[in-house]
Novice: 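This is the structure, below, for whatever I ask next.
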Protein chains: 2
Amino acid sequence: MTLVPEPATRTPKAEQTRQTIVDAAMRLFREGGYDRTTMRAIADEAGVSLGNAYYYFSSKEHLVQAYYLRVQEEHAAAAEAVLDGDATFAGRLRGVLTSWVDVAEPYHEFAGKFFKNAAEPTSPLSPFSTESTAAREDAIGLYRRVVDGSDVKVAKVLREELPELLWLLQMGVVLFWVYDGSPGQRRTRLLVDKAVPLVDRLVRMTRLPVVKGVVDDLLDLLRTLRG
Amino acid sequence: MTLVPEPATRTPKAEQTRQTIVDAAMRLFREGGYDRTTMRAIADEAGVSLGNAYYYFSSKEHLVQAYYLRVQEEHAAAAEAVLDGDATFAGRLRGVLTSWVDVAEPYHEFAGKFFKNAAEPTSPLSPFSTESTAAREDAIGLYRRVVDGSDVKVAKVLREELPELLWLLQMGVVLFWVYDGSPGQRRTRLLVDKAVPLVDRLVRMTRLPVVKGVVDDLLDLLRTLRG
DNA sequence: ACGAACTCTTGAACACGTTCAAAATCTCGT
DNA sequence: ACGAGATTTTGAACGTGTTCAAGAGTTCGT
């Protein structure tokens with residue numbers, strides 16, 4: 001698998017060609033779906049040769065990665081509005097999760113293809129890979145803002161780790177979303193609506209003395225997860 | 001996607017041919033991995049024509065289901081010993097999860113390849129697909145036995161749903177396991193060791209009046225997950 | 001035993017992702 | 001302006017999953 005040149009080394013011309021190809025691919029993916037869009041059609045639409053498309057993107061699935069990055073950026077922007085307008089923990093969490101579903105909706109059809117790629121343990125596209133560290137930390141940072149800007153009261157030992165736990169929650173939501181075949185991903189939205197009050201309740205409960213042991217176990221588990 | 005004839009309608013001869021093909025495929029998958037094993041090679045090894053292999057298995061991925069079934073059967077057998085020898089909930093749960101890691105260990109090296117294909121939502125290999133319904137229900141049945149044969153005290157409303165929740169826990173463990181590169185999947189075993197006491201504690205807590213609301217929320221959430 | 005209907009088998013053909021060696025174009029030091 | 005080296009572009013060729021139309025074999029009612 002040949003690597004695409006780093007952004008810093010790309011000439012403006014090359015960057016433009018890249019964009020042309022991505023745009024063509026997106027257009028065709030939207031019109032005909034991922035499977036029925038061939039690399040030949042994408043190259044044609046972009047006005048380049050088949051081989052040239054492969055010069056810029058080493059596989060069809062790498063084109064999907066461009067989609068993924070776009071979703072991340074759009075989500076960060078959409079979440080901003082939510083974080084400005086709500087001070088309750090539940091409201092902020094629900095808003096950030098729901099805005100992800102909103103932003104990602106147009107991409108749902110190809111998400112499966114991307115997911116397939118990311119699922120391979122050795123893939124740099126995996127959310128757990130070192131290559132994804134930056135993107136992952138950005139996402140966790142978003143949840144840190146959800147927590148910090150809110151009125152939530154949480155057990156002290158947990159506060160530091162809560163953003164990462166919420167990011168894991170998002171990973172769960174994304175997993176469900178990928179498999180969600182309902183129109184407009186209605187079921188995922190329902191899931192968010194149900195999960196958020198539950199999480200809100202759970203988080204507030206962490207200050208009760210009865211659950212101290214549970215919280216400690218959970219943190220221990222999280223550290224094991226991290227390695 | 002054409003459906004394979006139902007078992008009941010298959011002649012003994014046809015069933016034998018099916019087995020021959022499955023055996024050939026398993027042998028080659030083990031030797032060279034999923035991706036590098038071609039349908040042509042499988043057909044050759046089985047002594048049938050390419051088209052004939054497709055008469056029995058409508059896709060390459062359908063062939064892999066036999067592999068999953070085998071792991072599951074081995075796990076069911078290994079779990080039996082545990083379920084006979086331990087009456088504590090935590091012990092039974094830990095034993096069943098750990099025996100899965102034991103059984104699956106020889107397959108870990110190329111499990112990633114299979115997983116990549118199973119992760120695609122439209123794949124019949126997905127644990128959530130209709131093609132996997134029977135296997136899924138068997139697995140949930142195993143966790144029903146973990147619960148029923150144990151001394152665990154659990155909130156009445158939860159008891160019925162607990163096996164499915166434990167199966168979801170196993171899916172989580174499997175997910176972690178696939179990504180676990182540590183020798184002998186040491187980290188996954190550690191994860192099980194940490195998660196089981198936590199789950200045990202949580203389950204017992206469900207009878208406390210304080211957490212009644214949480215349990216109700218959780219069940220509601222589970223029903224949403226199921227659709 | 002005959003023929004119709006069904007089941008099974010075949011391999012050529014197809015579509016599409018991907019590779020590659022060669023050609024075209026560009027860059028830059030002299 | 002020149003040429004060497006790097007970058008970009010090309011499309012034919014390849015491998016593989018899958019399809020399909022045609023043929024061989026089997027079953028069964030009469």
Side-chain angles (χ1 to χ4, degrees), chain A residues 1-22 24-25 28-29 32-66 110 112-114 116-117 120 123 125, chain B residues 1-22 24-25 28-29 32-65 113-114 116-118 120 122-125:
Chain A
M1 183 90 62
T2 314
L3 280 184
V4 163
E6 282 303 302
T9 73
R10 271 185 230 136
T11 74
K13 172 73 189 311
E15 181 55 34
Q16 193 187 319
T17 307
R18 267 183 78 86
Q19 276 311 313
T20 307
I21 296 172
V22 170
L28 293 180
F29 283 160
Y34 180 86
D35 284 325
R36 293 204 308 279
T37 301
T38 70
M39 286 298 283
R40 285 163 181 82
I42 293 169
D44 272 4
E45 178 88 359
V48 301
S49 71
L50 178 60
N52 200 217
Y54 274 94
Y55 179 78
Y56 287 101
F57 297 92
S58 52
S59 77
K60 188 181 179 183
E61 288 179 329
H62 270 81
L63 273 168
V64 178
Q65 192 184 13
F110 345 107
K113 304 294 172 185
F114 173 77
K116 174 180 175 171
N117 211 336
E120 175 130 50
S123 168
L125 300 184
Chain B
M1 182 88 61
T2 313
L3 282 184
V4 164
E6 283 303 302
T9 73
R10 272 185 229 136
T11 75
K13 172 75 188 311
E15 181 55 34
Q16 193 188 320
T17 308
R18 267 184 78 87
Q19 276 311 314
T20 308
I21 297 171
V22 170
L28 294 180
F29 283 158
Y34 180 83
D35 285 327
R36 292 204 308 280
T37 302
T38 71
M39 286 298 284
R40 283 164 182 80
I42 293 168
D44 272 4
E45 179 89 359
V48 301
S49 72
L50 178 60
N52 200 217
Y54 273 95
Y55 179 79
Y56 287 101
F57 297 92
S58 53
S59 78
K60 187 179 179 184
E61 292 185 330
H62 273 87
L63 269 170
V64 184
Q65 286 219 292
K113 297 260 162 53
F114 286 122
K116 173 178 176 174
N117 291 280
E120 177 140 41
T122 57
S123 166
L125 298 186

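Numbers restart at 1 for each chain; the letters A, B, ... are given by sequence-line order, proteins then strands.
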Novice: Calculate, to the nearest 0.5 Å, the distance between atoms CD and OG1 belonging to A:Glu45 and A:Thr38 respectively.
Specialist: 11.0 Å
Novice: Using 0.5 Å steps for rounding, measure from the NZ atom of B:Lys60 to the OH atom of B:Tyr54.
Specialist: 8.0 Å
Novice: Nearest to the side chain of A:Tyr56, which nucleotide is it out of D:dT18, C:dC8, D:dT9?
Specialist: D:dT9
Novice: So which atom in A:Glu61 and which in A:Tyr34 form the shortest heavy-atom distance, rounded to 0.1 Å?
Specialist: CG-OH, 3.3 Å
Novice: Roughly, in whole Å, what's the span from CG in A:Asp35 to P in D:dT18?
Specialist: 11 Å
Novice: Before you tell me yes or no, could you show the steps for B:Gln16 and B:Gln19 under side chain to side chain contact (heavy atoms under 4.5 Å, CB included), namely the whole-Å CA-CA distance, both residues' side-chain angles and the distance that decides it to 0.1 Å?
Specialist: CA-CA 5 Å; B:Gln16 193 188 320; B:Gln19 276 311 314; 5.7 Å; no
Novice: Atom CD1 of A:Ile21 to atom C1' of D:dT8: distance rounded to whole Å?
Specialist: 11 Å
Novice: Just the rounded figure in Å: distance from P of D:dG15 to OH of B:Tyr34.
Specialist: 20 Å
Novice: For B:Leu28 and D:dT16, what is the distance between atoms CG and C1' respectively, to the nearest whole Å?
Specialist: 15 Å
Novice: Check B:Thr37 against B:Ile42 and note the closest heavy-atom contact, atom names and distance.
Specialist: CG2-CG1, 3.7 Å
Novice: Under the 3.5 Å rule, do the base of D:dG15 and the side chain of B:Arg40 count as making a donor-acceptor pair?
Specialist: no
Novice: Between atom NZ in B:Lys60 and atom C1' in D:dT19, what is the gap in whole Å?
Specialist: 17 Å
Novice: Would you compute the distance between atom CD1 of A:Ile21 and atom CZ of A:Phe57 and round it to the nearest 0.5 angstrom?
Specialist: 6.0 Å
Novice: Which residues, if any, of residues 44-54 of chain A bring a heavy atom under 4.0 Å of DNA chain D?
Specialist: A:Val48, A:Ser49, A:Gly51, A:Asn52
Novice: Find the distance B:Ile42:CD1 to D:dT16:C1' and express it as a whole number of Å.
Specialist: 12 Å
Novice: Atom OH of A:Tyr55 to atom C1' of D:dT9: distance rounded to whole Å?
Specialist: 9 Å
Novice: Rounded to whole Å, how long is the line connecting atom NE2 of A:His62 with atom P of C:dT18?
Specialist: 10 Å
